[in-house]
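First comes the structure, then the notes that go with it.
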Amino acid sequence: MSQCDGQRLDAYLDGELDALEVAQLEAHLANCPSCTAELERLRDVFDLFDRSTCPALDRFAIARIHGEIESLPQRRRLRFAVGLAGLAASVLVAASLLLSLVSRNADAPTGVDWSTTVSLAIADLNLESESDLTDLIVEGLSQFNHDE
Amino acid sequence: MGTDDASLVLAVQSGDHLAFHELVDRYASDLYRLAYSLAGQAADAEDIVQETLLAAFQRIGGFEGRSKIKTWLVSILVRQAALQHRTRRRRLWVSLAVEPRDGTSSELHDTRLDLAQLLEQLSQEHRQVLALRHLEGLSYQEMADILSVPRGTVESRLFRARRELAKKMTGYNENTVVDHDNESV
């Protein structure tokens with residue numbers, strides 16, 4: 001390295017240069033008082049951080065964090081239960097809609113034949129299979145678990 | 001416990017929330033030190049750490065292990081700190097005391113520098129790169145990943161941040177130099 005490059009000095013002190021780059025920089029520093037002086041000023045900045053102290057996080061604060069984490073699963077379970085109740089209500093509404101769709105079908109059996117009823121409803125709603133319906137329900141459940 | 005981070009993360013993801021407590025004990029202090037450098041106040045730093053760990057606990061299911069768990073926690077903390085910085089209007093400063101170096105005869109020897117006060121005069125971006133490099137010891141690439149910027153941006157920000165800090169250090173020393181001749185403090 002023959003030219004002065006301030007960012008190289010930073011990378012040098014940060015240990016981000018490879019062996020060849022270090023050798024080139026050190027060769028440059030041997031002949032460049034300006035970069036050598038700059039390097040010393042940079043070392044003062046590094047030194048400032050090295051000598052700084054910081055108050056420690058006290059054990060009460062850590063205990064509070066543990067407490068908050070402990071309360072989270074309970075809050076999530078409550079939120080899940082509320083969500084599940086809402087989903088159950090939605091499923092009932094959807095089931096009602098399905099029945100109403102089926103009842104409009106002239107070929108629909110008048111007896112309670114749920115297997116056929118559901119199959120016909122699935123056909124009406126263009127769902128390929130019962131598992132698609134299950135997937136919809138599961139997806140809805142996972143949305144209630146997802147925390148933003 | 002002696003369990004490595006990866007095993008703890010897997011345990012948490014499998015439903016063992018006690019394993020997350022182990023992660024809290026392991027990293028809360030380091031996170032606090034970083035938060036303190038970004039926020040400058042103990043109460044704010046505590047809030048940032050708490051919010052970081054709670055958010056991490058809620059989202060750890062999505063952690064894929066592409067980075068170290070500590071790096072992931074740091075990335076969340078940096079965002080929490082930035083969010084708090086935008087919403088806070090005023091802050092009261094508690095000094096980050098800097099001990100004088102031994103054997104030096106310059107003004108620095110008799111002056112306790114207020115690092116936090118100096119950092120506060122810098123932009124949030126400059127504070128971030130300085131804290132991540134000097135307090136967390138992260139590499140340029142790790143910092144780039146956390147800050148979602150190119151590596152070159154990290155390098156240039158660090159370059160400017162350090163020069164700016166150096167100027168402010170010079171200004172601080174000129175204003176607080178001890179007058180040895182007159183024995184003032």
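Lettering of chains follows the sequences in order, A, B, ..., and the numbering in each one begins at 1.
Under 4.0 Å is where a charged nitrogen must lie from a carboxylate oxygen, and between A/Glu16 and B/Arg151 at least one such pair does.
Nearest approach of A/Ser52 to B/Leu115, heavy atoms of both residues: CB-CD2, 3.4 Å. In terms of heavy-atom proximity, B/Ala166 sits nearest to A/Val45 at CB-CG2, 3.8 Å.
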Going through the distances and angles, do B/Leu18 and A/Glu70 end up as a side chain to side chain contact (heavy atoms under 4.5 Å, CB included)?
CA-CA 9 Å; B/Leu18 292 179; A/Glu70 275 302 302; 4.3 Å; yes
Applying side chain to side chain contact (heavy atoms under 4.5 Å, CB included), run through B/Leu158 and A/Asp14 and close with a yes or a no.
CA-CA 10 Å; B/Leu158 260 179; A/Asp14 286 329; 3.9 Å; yes
Going through the checks in order, is the side chain to side chain contact (heavy atoms under 4.5 Å, CB included) test met by A/Leu42 and B/Phe159?
CA-CA 10 Å; A/Leu42 199 50; B/Phe159 174 82; over 6 Å; no
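Neither the backbone nor the side chain of A/Asp50 comes within less than 4.5 Å of any heavy atom in chain B. Interface residue A/Ile65: backbone and side-chain heavy atoms are both found under 4.5 Å from chain B.
Interatomic distance, A/Glu68 CD to B/Gln50 CD, rounded to the nearest 0.5 Å: 4.5 Å. Residue B/Leu54 holds its CG atom at 7.5 Å from OG of A/Ser71, rounded to the nearest 0.5 Å. With values rounded to the nearest 0.5 angstrom, A/Ile69 atom CD1 is found 5.5 Å from B/Leu53 atom CG.
Using cut-offs of 30° and 60° for the angle between ring planes, the A/Phe49 and B/His134 rings count as parallel.
Residues B/Arg162 and A/Arg41 form no side-chain contact, since every pair of their non-hydrogen atoms from C-beta on lies 4.5 Å or further apart.
Among the candidates B/Arg160, B/Arg133, B/Arg163, the single residue satisfying the salt bridge (charged side-chain N to carboxylate O under 4.0 Å, His left out) test with A/Asp10 is B/Arg163.
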